[in-house]
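Each remark here refers to the structure printed beneath this line.
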2 protein chains.
Amino acid sequence: MGHNGRRRIPEATVARLPLYYRSLIDCNERDLATVSSDQLAELAGVNAAKVRKDLSYLGSYGTRGVGYDVEYLLHEISRELGLTQDWPCVIVGAGNLGAALANYRGFGARGFRIVGLVDDASDKVGQTVGELTVEPMHTLANMVNERSISIGIIATPASAAQPVADALISAGIRSVLNFAPAVISVPPNVSVRKVDLATELQILSFYQLRGLTSGPALVVDRPA
Amino acid sequence: MGHNGRRRIPEATVARLPLYYRSLIDCNERDLATVSSDQLAELAGVNAAKVRKDLSYLGSYGTRGVGYDVEYLLHEISRELGLTQDWPCVIVGAGNLGAALANYRGFGARGFRIVGLVDDASDKVGQTVGELTVEPMHTLANMVNERSISIGIIATPASAAQPVADALISAGIRSVLNFAPAVISVPPNVSVRKVDLATELQILSFYQLRGLTSGPALVVDRPA
DNA sequence: TTCACTTCGAGAAAGCATTCACAAGCTCGG
DNA sequence: CCGAGCTTGTGAATGCTTTCTCGAAGTGAA
């Protein structure tokens, strides 16, 4: 089993773990007991070599000649991703997007519960969105503390993104998901991930313009 | 000035062009005539060497000792990204997310107009969302044709994503933006980009769990 | 003009990520 | 128990991205 122990997991691999996680849930629902790297690759839309390399960073969880035990691997990946615990989130910005995210059952299901919705527009405060009530911005620090919030989601216009990020960080948040079309700067102990619709559309238009496609086209696993 | 001409632009660079584009718009609004790679780097949240390398793939648009002409560079990047033309989009799925996206002024502004909203739930069809009326799924092919739609946005539950993708593709769409938490497979002449909230949150939780940060953790600016 | 200073462009080096290729390890039929 | 047939795990090879470095080219002052 090689040597394993505490290896550093490459960023690119981390970014794919959620993909494997989802694929394994599929397998589980179909009552598959084991899955090969080939099958998992097809489900996750990557190639088999990558699956094996990625999973090898977690440890030697497969069995040669057989594949990976679905339940076991699922458990290990959950653990690595921290999905065995709860991650309360706050959304800042109760506009279209913020409200849609607050209602969005689909990631709430997986341990990321939205426990607060904040906006500083006085006409929004007090409104209810799903099961949440919009609270004013100045309650943020208390809220983060009392509800043990660990993730902040920015769903404001671009101009508000930086001040909101600063507020989240000074409230103690160290993980931020930014939907605003703006770069935010944060101290080095804070993680930011961004989701930017305009960017994605622009990338699509770049490739469409020249009749090319982005990414490694499709998964057609060819034995050389 | 090197040799330039028609160079292949690396994927990583393409993914950053929208960032530069946005940063340049900022510059323009602040009436800056020129911008250095250092300044642009700060605005875009990357480092200066990367900015220069990236821009050099487009051509030698800078002036040594001065920097880049904001208007000119803006124009060139617009052209590369295809933002000088219109890209009509259709959204499939008029649930929370689909409706929010349909209303989302912010990417509509930049040439990506939503000209169709489709859902096959009979209770959704006929509803109005913003300026759009929800139309039934079977009108998709006609709609794509008549409204010259070039980009399809999938905002359905995971289970519907693949059939919807198939429908979009057989309607002639070659660029797809997928918000559903599912891998979709497409023929090699179609581009897919995905936006997955659950994935992003899981990546954040991975790093938070071990007190690490994702990405180059760059940027210094300090909040309180 | 010359000098001090600035900034780009791009080759070269370094660092990551992906893919290849195959030995090692497992199962199963006989 | 043995050999055939799978499938993993991983070093090595390849390819892509980022970073380093520095010559070339521009500015403005004297």
Side-chain angles (χ1 to χ4, degrees), chain A residues 1-5 7-17 19-20 24 27 32-70 72-73 76 214-224, chain B residues 1-5 7-17 19-20 24 27 32-70 72-73 76 214-218:
Chain A
M1 68 154 97
H3 57 99
N4 187 22
R7 243 186 286 211
R8 198 192 120 271
I9 303 180
E11 265 190 71
T13 295
V14 173
R16 280 187 295 266
L17 290 180
L19 223 55
Y20 301 141
L24 286 165
C27 292
L32 298 176
T34 64
V35 65
S36 70
S37 58
D38 258 319
Q39 296 173 291
L40 198 45
E42 162 125 25
L43 289 170
V46 301
N47 68 42
K50 213 180 268 180
V51 170
R52 291 202 296 276
K53 182 65 93 186
D54 284 343
L55 295 183
S56 80
Y57 289 114
L58 306 184
S60 292
Y61 295 149
T63 307
R64 296 171 196 218
V66 179
Y68 300 90
D69 183 279
V70 172
Y72 184 53
L73 187 55
E76 288 303 321
S214 68
L218 178 60
V219 236
V220 190
D221 220 355
R222 313 238 339 111
Chain B
M1 71 163 87
H3 57 99
N4 187 23
R7 241 187 288 210
R8 198 192 121 273
I9 304 180
E11 264 190 74
T13 295
V14 172
R16 279 186 296 266
L17 290 181
L19 223 54
Y20 301 141
L24 286 166
C27 293
L32 298 176
T34 63
V35 65
S36 69
S37 57
D38 257 321
Q39 298 173 291
L40 198 46
E42 162 126 26
L43 288 170
V46 302
N47 67 41
K50 213 180 268 181
V51 170
R52 291 202 297 275
K53 184 60 98 186
D54 283 342
L55 296 183
S56 80
Y57 289 114
L58 307 184
S60 293
Y61 294 148
T63 306
R64 296 168 196 221
V66 179
Y68 301 89
D69 183 278
V70 173
Y72 183 53
L73 187 54
E76 288 304 320
S214 68
L218 179 73

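Here is how names work: the chains are called A, B, and so on, in the same order as the sequence lines, proteins then strands, and each is numbered from 1. What's counted below: heavy atoms across the whole structure, side chains too, no hydrogens, waters or symmetry copies.
A:Ile9 has its CD1 atom 14 Å from the P atom of D:dT10, to the nearest Å. Residue A:Asp38 contributes atom CG, which lies 14 Å from atom C1' of C:dT19 at whole-angstrom precision. Counting to the nearest Å, the P atom of D:dT8 and the OH atom of A:Tyr72 are 16 Å from each other. Atom-to-atom, CG of B:Leu73 to C1' of C:dC8 comes out at 13 Å; the value is rounded to the nearest Å. In this entry the distance linking CZ of B:Arg16 with P of D:dT19 reads 9 Å, nearest Å. In this structure, CG of A:Leu19 is placed 12 Å from P of C:dT18, rounded to the nearest angstrom. For A:Tyr68 and C:dG25, the OH to P distance is 16 Å, given to the nearest whole Å. Spacing between atom CG of B:Leu40 and atom C1' of C:dT6 amounts to 17 Å, rounded to whole angstrom units.
For the pair B:Lys50 and D:dT17, the criterion of a side-chain N or O lying under 4.0 Å from OP1 or OP2 is not met. Phosphate contact (OP1/OP2 of C:dT18, side-chain N/O of A:Asn47, threshold under 4.0 Å): absent. In terms of phosphate contacts, B:Tyr57 brings no side-chain nitrogen or oxygen within less than 4.0 Å of OP1 or OP2 of D:dT18.
Side-chain contact between A:Val46 and A:Asp54: absent, with no pair of heavy atoms (C-beta onward) separated by less than 4.5 Å. In this structure, the side chains of A:Thr13 and A:Arg16 come closer than 4.5 Å at one or more pairs of heavy atoms. By the 4.5 Å heavy-atom criterion applied to side chains, B:Leu40 and B:Leu55 are counted as neighbours.
Under the side-chain contact (heavy atoms from CB on, under 4.5 Å) criterion, A:Ser37 pairs with A:Ala48, A:Val51, A:Arg52, A:Tyr68, sequence neighbours left out.
Here the closest heavy-atom approach between residue B:Glu76 and residue B:Tyr61 is recorded as OE1-OH, 3.1 Å. Taking each heavy atom of B:Ile9 and B:Leu58 in turn, the nearest pair found is CD1-CD2, 3.5 Å. Nearest heavy-atom pair across A:Val35 and A:Cys27 is CG2-SG, 4.0 Å. Scanning all heavy atoms of the two residues, the minimum distance from A:Arg8 to A:Tyr57 falls at O-CD2, 4.2 Å. Among all heavy-atom pairs drawn from A:Leu32 and A:Val70, the shortest one is O-CG2, 3.4 Å.
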Tabulated below should be each protein N or O lying under 3.5 Å from an N or O of nucleotides 2-4 of chain C; please produce it.
none

Return the polar atom pairs (N/O with N/O) between nucleotides 2-5 of chain D and the protein under 3.5 Å, or none.
none

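Distances from the side chain of B:Lys53 to the nucleotides D:dT27, C:dG11, C:dC8 place C:dG11 closest. Nearest nucleotide to the A:Arg52 side chain, out of C:dA17, C:dC20, C:dC22: C:dC22. Closest contact between the side chain of B:Pro10 and the listed nucleotides D:dT17, D:dT18, C:dC26 involves D:dT17. With D:dC20, D:dT17, C:dC8 as the choices, the nucleotide that has an atom nearest any side-chain atom of B:Ser37 turns out to be C:dC8. Nearest to the side-chain atoms of B:Val66 among the listed nucleotides D:dT27, D:dC20, C:dG9 stands D:dT27. Looking at the side chain of B:Ser60, the nearest of the listed nucleotides C:dT19, C:dG9, C:dC22 is C:dG9. Counting only heavy atoms from C-beta on, A:Arg64 has its side chain closest to C:dG25 among D:dT19, D:dA25, C:dG25. For B:Ser56, taking side-chain heavy atoms from C-beta onward, the closest of the listed nucleotides D:dG9, C:dT18, C:dA10 is C:dA10.
Residue B:Leu55 is the one, among A:Asp54 and B:Leu55, whose nearest nucleotide of DNA chain C lies closer to the 5' end (criterion: closest heavy atom).
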